[in-house]
Amino acid sequence: MRVILVRERKLAHQLVWILSPVELEQASEPRGSLLNSSKETRLLNNFLAAKNSLQLLCTIQEFGMPLSLEGKLMESSVSPHLSRASRTALASECRFFSIGHDNVSSLKESGARNAIARFSLSREETLSHVLATCNPESRFVIEDLSDWTAVKNLLVFLLSLKAAIQQGKEPLLSGFEYERAYRFFEGYLHKRGITFNPYADSSLASAYDLFHDLATSLLRQGDYQLDFGFNGYHEGDLLASNLESRLWLSLLDYKSMYLGICVYCGLPFFVKGKSRKCYCSHNCLQMMRKLQA
């Protein structure tokens with residue numbers, strides 16, 4: 001398996017996956033929530049905690065599969081307009097949302113430079129040449145990087161709402177913050193025909209309704225083996241046929257997992273059982289210690 005970061009002309013960035021037939025089959029194999037496995041829970045937390053393009057792409061590579069395979073298979077003779085990534089454009093595209101924080105992105109320029117060095121083409125390479133030298137049985141999948149950033153930001157938004165609802169916090173968000181959050185995943189929701197009122201009331205009741213409506217809309221789009229009501233099953237009873245749907249399963253009731261909010265950056269994280277853990281990552285812990293020193 002290999003994932004290559006490319007850019008189409010001067011437009012947005014895309015990911016090209018090179019998969020063996022076995023890896024392609026595994027990518028569409030029905031599986032349960034990521035919260036059913038400690039390894040996958042760690043991956044989910046790393047995904048939620050990513051603050052620049054390098055951290056995001058390293059987590060995507062660890063997932064080892066595209067968000068979805070639907071309509072994304074491509075031939076080895078690809079468009080000549082897919083070329084090496086752009087540092088400035090990549091840094092701009094990887095903007096991450098956190099409730100109560102203007103921008104949790106960090107080291108954007110250096111992160112983008114290192115991401116390109118690790119995941120994009122060299123200055124001498126072309127994508128067509130790289131794919132032509134692959135195993136003849138390899139399969140190629142292309143997807144928008146913006147789908148990954150939108151899924152991350154939308155998960156952060158909904159899990160943050162859920163944590164606040166569970167803790168009975170009110171008010172949750174101002175109308176301005178709802179509108180700002182909406183800009184992070186507007187295109188993703190529009191592409192899927194899901195409507196969201198960015199001027200929602202910030203009361204606890206309206207926040208619950210917003211969480212319920214958005215979560216159920218996303219879950220209904222998933223390709224599941226079981227029909228279910230929103231409060232009808234624990235996540236372990238459901239199997240999803242792609243990674244994107246498995247990520248949405250984390251919005252359901254989770255058995256022995258605790259949902260926390262990082263006191264430094266405001267990003268959500270999962271931890272086994274009740275815990276005094278207060279940070280989504282070791283880096284946030286270190287940054288808080290520097291502030292307190």
Side-chain angles (χ1 to χ4, degrees), residues 5 12-15 34 43-60 63 66-68 89-108 111-112 115 143-165 172-200 202 207 210-211 213-219 221-222 242-251 259-262 264-270 280-281 284:
L5 176 69
H13 286 86
Q14 296 177 306
L15 299 176
L34 296 167
L43 274 179
L44 175 58
N45 281 336
N46 289 344
F47 178 58
L48 295 172
K51 296 179 178 66
N52 59 54
S53 50
L54 177 62
Q55 293 173 356
L56 178 69
L57 284 163
C58 285
T59 305
I60 290 172
F63 277 126
L67 283 171
S68 167
L90 181 62
S92 176
E93 287 175 39
C94 291
R95 295 167 54 246
F96 301 129
F97 170 81
S98 172
I99 289 179
H101 292 68
D102 289 337
N103 191 345
V104 296
S105 302
S106 66
L107 302 174
K108 293 178 66 175
E143 62 182 351
D144 294 333
L145 178 63
S146 61
D147 282 351
W148 281 94
T149 57
V151 166
K152 170 180 157 53
N153 285 320
L154 190 48
L155 265 176
V156 165
F157 177 74
L158 288 170
L159 290 172
S160 299
L161 276 185
K162 184 159 190 174
I165 291 168
L172 298 170
L173 288 173
S174 68
F176 168 75
E177 286 175 310
Y178 272 118
E179 184 178 7
R180 183 173 62 85
Y182 181 51
R183 291 198 295 269
F184 278 84
F185 38 76
E186 178 181 12
Y188 176 86
L189 291 178
H190 179 74
K191 191 158 55 173
R192 283 153 181 76
I194 300 175
T195 57
F196 165 40
N197 174 19
Y199 301 101
S202 61
L210 176 60
F211 173 85
D213 291 346
L214 270 176
T216 49
S217 295
L218 291 164
L219 287 163
Q221 292 197 47
N242 60 55
L243 177 59
E244 186 171 4
S245 297
R246 295 182 69 209
L247 286 164
W248 298 131
L249 287 182
S250 64
L251 298 172
L259 177 61
I261 299 294
C262 180
Y264 178 75
C265 71
L267 290 172
F269 61 88
F270 290 98
C280 67
S281 65
C284 281

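Treat the numbers as computed from the prediction; the structure is a model and nothing was measured.
Taking NZ of K108 as the reference point, atom CD of E93 lies at 10.5 Å (rounded to 0.5 Å). In this structure, the separation between CG on L15 and OG on S146 is 9.5 Å, given to the nearest 0.5 Å. A distance of 5.0 Å separates CG in L44 from OG in S250, rounded to the nearest 0.5 Å. Rounded to the nearest 0.5 Å, atoms CG (L67) and CD (E143) are 5.0 Å apart.
The minimum heavy-atom distance between H13 and A89, with the atom names listed, is CE1-CB, 3.8 Å. Here the closest non-hydrogen pair linking A115 and L57 is CB-CD1, 3.7 Å. Smallest separation of non-hydrogen atoms from P66 and W148: C-CZ2, 4.2 Å. Annotation for F97 and V156: closest pair O-CG1, 3.3 Å, computed over non-hydrogen atoms. Heavy-atom minimum distance, L251 versus F211: O-CZ, 3.8 Å. The two residues N153 and R95 have their closest heavy-atom pair at ND2-O, 3.1 Å.
S68 is linked by a side chain to side chain contact (heavy atoms under 4.5 Å, CB included) to E70, K72, N242, E244, counting only residues two or more places apart in sequence or in another chain. Partners of N46 by side chain to side chain donor-acceptor pair (under 3.5 Å), not counting sequence neighbours: none found. Not counting sequence neighbours, the partners of I261 by the side chain to side chain contact (heavy atoms under 4.5 Å, CB included) test are S160, A163, P268.
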When you look at L34 and L243, which way does the side chain to side chain contact (heavy atoms under 4.5 Å, CB included) test go after all the steps? CA-CA 9 Å; L34 296 167; L243 177 59; 4.3 Å; yes

Run L214 and F157 through side chain to side chain contact (heavy atoms under 4.5 Å, CB included) and show every step you take. CA-CA 10 Å; L214 270 176; F157 177 74; 4.1 Å; yes

Please lay out, stage by stage, how L158 and L210 fare under the test side chain to side chain contact (heavy atoms under 4.5 Å, CB included). CA-CA 9 Å; L158 288 170; L210 176 60; 5.8 Å; no

Test side chain to side chain contact (heavy atoms under 4.5 Å, CB included) applied to K51 and C280, step by step: CA-CA 11 Å; K51 296 179 178 66; C280 67; 3.7 Å; yes

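In summary, of the residues considered (R192, E186, H190, K191), a side chain to side chain donor-acceptor pair (under 3.5 Å) with Y188 occurs for R192 alone. A side-chain contact (heavy atoms from CB on, under 4.5 Å) with L48 holds for exactly one of L267, T59, L159; it is L159. For the side-chain contact (heavy atoms from CB on, under 4.5 Å) with S53, the lone residue among L90, T149, L5 that qualifies is L90.
A donor-acceptor pair under 3.5 Å links the side-chain atoms of N45 to the main chain of F270, judged by distance alone. Using modelled atom types, one side-chain atom of N52 and one backbone atom of L54 make a donor-acceptor pair closer than 3.5 Å.
For the pair S217/L189, no side-chain contact is recorded, criterion being any heavy-atom separation below 4.5 Å from C-beta on.
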